[in-house]
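Here is the structure we will look at, set down as structure tokens.
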Amino acid sequence: MEVTPSPSNMSLLCSAAHFMELECDDGPETPNLKPHIEKFLEGIRFWTWSELVEALKQCQDLFSFKGYLAILDRIMDHLIERLASPGITSPNTCSSNRSSFQFSCDTSSNNSLRNNCSGATWWFEHLLFLKIDLLDKVTRTMLSYDFDHGVVSRFLFYYHNSTCLGAVQDEKIETTEVVIDLLLLLDLRSISCKDLFNLNRMAVGLKMSTSFIDKIESLIGPLLDQTTIDYLLLPSPRGRGQAYDVGFVLRLVHIFFFGHSSEVNSNRLKKVAKMMDLFLVEVAPDPRLKPFEFEALITMLPDTARESHDQLYLAMDMYLKRQNPELTLLNKTG
């Protein structure tokens, strides 16, 4: 019985050709399926969005078949090209009809999603089926097509949050590791600081390796001026006894100043200084806060960064009172 190739049976035909060794011409009685599959793929530019998604979903397992990896790549490339076309704002406009690619929200736009009325996220849920190896390949290909880094970062967090729900710990760790490495490829300013803090909480909770924790902190540190005090008030690691993780904050401040190439201008510096003084007031009453840690929090910032020293003096007074109730800076008697 003859089987007609279609987007939905591509994987089945490739698998059959591989396992039944129907990949070469050994005679008239031995069919060769591979040329039929490749011939069918010549019309891939006319496939609908749904057909491209279905074919990619079904063909994920071709990663393990070296001879068919090119077929998987071809399907993936066409799907990403479709997304990168101007005017694609929904599955209805992401069709096989070339005329659907002609309109654009901005007459000056080009084939880059960066300039394309963009930010469209309708396709996020369509790609949740991606296995982790293919997620890595798809993301890197998107970047080669000059996809907007902000859109890619939002997709990665959406994928991470969605696929980790109900997953076992090993799967969560593997997904988180791949997402972290992909985020490192993006422009830092395109990544949500809030999402990075949430990712860090999950990584710490999963007890991931120090190397990946360091990678997340290297992403958060340069964005410290975008965060708020609430995100810095993380519980101290078990066994430390302190209320908050002071070491985490000190590492972020160090990265902010020394860990990246972006210029730390006065406005950014003042934002961080104001937030650090608020943090000082929060941690100062903690009786387990070591003197060298308190000193480090104070001296990490240059004096010129502070527009006012009121919060700093308040924190110092609170800390000294906690260490020795007879001491105070604000209520001197002599």
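Residue numbers count from 1 along this sequence.
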Inset, instruction - Using the side chain to side chain contact (heavy atoms under 4.5 Å, CB included) rule, take Lys194 and Thr228 through it: C-alpha gap first, then chi angles, then the decisive distance, then the call. - result: CA-CA 9 Å; Lys194 175 182 177 181; Thr228 62; over 6 Å; no

Inset, instruction - Applying side chain to side chain contact (heavy atoms under 4.5 Å, CB included), run through Tyr319 and Val283 and close with a yes or a no. - result: CA-CA 8 Å; Tyr319 183 72; Val283 301; over 6 Å; no

Legend entry - Worked verdict on Ile220 versus Ile216 for side chain to side chain contact (heavy atoms under 4.5 Å, CB included): CA-CA 6 Å; Ile220 297 176; Ile216 300 177; 3.8 Å; yes

Legend entry - Worked verdict on Phe212 versus Leu206 for side chain to side chain contact (heavy atoms under 4.5 Å, CB included): CA-CA 11 Å; Phe212 279 97; Leu206 291 171; over 6 Å; no

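Across Met276 and Val253, no two heavy atoms sit closer than the pair SD-CG2, 3.5 Å. Minimum heavy-atom separation, Ala305 to Leu269: CB-CG, 3.5 Å. Residues Ala315 and Phe294 come closest through the heavy atom pair O-CZ, 3.7 Å. Nearest heavy atoms, Glu217 versus Pro222: O-CD, 4.5 Å. Between Phe256 and Leu224 the shortest heavy-atom distance is CD1-CB, 3.9 Å. Ala243 and Asp286 get closest at one heavy-atom pair: N-OD2, 2.8 Å.
The closest side-chain donor-acceptor pair between Asn265 and Arg268, if any, does not fall under 3.5 angstrom. Using modelled atom types and a 3.5 Å distance limit, the side chains of Thr175 and His160 yield no donor-acceptor pair. For the residue pair Thr48 / Ser50, no side-chain donor-acceptor distance below 3.5 Å is found, with atom types taken as modelled.
Summarising the geometry, atom CD1 belonging to Ile180 is positioned 9.5 Å from atom CG belonging to Leu196; distances are rounded to the nearest 0.5 Å. Here the CG-CE distance, from Leu79 to Met76, works out to 9.0 Å after rounding to the nearest 0.5 Å. A distance of 9.0 Å separates CD in Glu125 from OG in Ser162, rounded to the nearest 0.5 Å. Remark: Leu188 CG to Leu219 CG distance equals 5.5 Å, nearest 0.5 Å. Between Cys164 atom SG and Leu199 atom CG the span is 9.0 Å, to the nearest 0.5 Å. In this structure, the separation between CD on Glu282 and CG on Leu232 is 10.5 Å, given to the nearest 0.5 Å.
Using modelled atom types, one side-chain atom of His149 and one backbone atom of Asp187 make a donor-acceptor pair closer than 3.5 Å. With Asp245 contributing its side chain and Phe248 its backbone, the two residues share a donor-acceptor pair below 3.5 Å. Side-chain atoms of Ser153 come within 3.5 Å of backbone N or O of Ser190 as a donor-acceptor pair. Side-chain atoms of Glu293 come within 3.5 Å of backbone atoms of Lys290 as a donor-acceptor pair (strictly under, hydrogens ignored). At least one donor-acceptor pair under 3.5 Å links the side chain of Ser85 to the backbone N or O of Glu81. Checked by atom type and distance alone, the side chain of Asn161 pairs as donor or acceptor with a backbone atom of Phe157 at under 3.5 Å. Side-chain atoms of Thr121 never come within 3.5 Å of backbone atoms of Phe124 as a donor-acceptor pair (strictly under, hydrogens ignored). With hydrogens and angles disregarded, a donor-acceptor distance shorter than 3.5 Å links the side chain of Glu171 to the backbone of Val168. In this structure a side-chain-to-backbone donor-acceptor pair under 3.5 Å is present from Gln242 to Arg288.
Under the 4.5 Å side-chain heavy-atom criterion for Ile, Leu, Val, Met, Phe, Trp and Tyr, Leu278 and Leu280 are members of the same hydrophobic cluster. Linking ILVMFWY residues whenever their side-chain heavy atoms come closer than 4.5 Å, directly or via other members, places Leu252 and Phe258 in the same cluster. No single ILVMFWY cluster, assembled from side-chain heavy atoms under 4.5 Å apart, contains both Leu320 and Phe292. Ile173 and Ile213 end up in different hydrophobic clusters when Ile, Leu, Val, Met, Phe, Trp and Tyr side chains are linked at under 4.5 Å. Linking ILVMFWY side-chain heavy atoms closer than 4.5 Å, directly or via other members, places Val178 and Leu186 in a single hydrophobic cluster.
For the pair Glu42 and Lys39, the salt-bridge criterion is met [side-chain N within less than 4.0 Å of a carboxylate O]. Ion pairing between Asp225 and Arg189 holds under the 4.0 Å rule for side-chain N and carboxylate O. Taking a cutoff of 4.0 Å between a charged side-chain nitrogen and a carboxylate oxygen, Asp133 and Lys137 do not qualify as a salt bridge. Between Asp277 and Arg306, at least one side-chain nitrogen of the basic residue sits less than 4.0 Å from a carboxylate oxygen of the acidic one, meeting the salt-bridge criterion.
At least one side-chain heavy atom of Leu182 sits under 4.5 Å from a side-chain heavy atom of Arg140. A heavy-atom distance below 4.5 Å is found between the side chains of Trp122 and Leu83. By the 4.5 Å heavy-atom criterion applied to side chains, Leu233 and Phe279 are counted as neighbours. At a threshold of 4.5 Å between non-hydrogen side-chain atoms, the residues Gln60 and Leu72 do not count as touching. Using a 4.5 Å cut-off on side-chain heavy atoms (C-beta onward), Thr227 and Leu223 make no contact. Contact check for Leu156 versus Val152: side-chain heavy atoms found under the 4.5 Å cut-off. Between Leu289 and Tyr244, the closest side-chain pair of non-hydrogen atoms is not below 4.5 Å. Contact annotation: the side chain of Phe147 never approaches that of Thr139 to less than 4.5 Å [non-hydrogen atoms, C-beta and beyond].
More than 12 heavy atoms of other residues, nucleotides or ligands lie within 6.0 Å of CZ in Arg201, so this atom counts as buried by the packing criterion. Other residues, nucleotides and ligands contribute more than 12 heavy atoms inside 6.0 Å of the NZ atom of Lys215.
Under the side-chain contact (heavy atoms from CB on, under 4.5 Å) rule, Ile132 has a single partner from Leu135, Leu134, Leu130, which is Leu135.
Two rings, from Tyr158 and Trp123, have their centers 6.0 Å or more apart.
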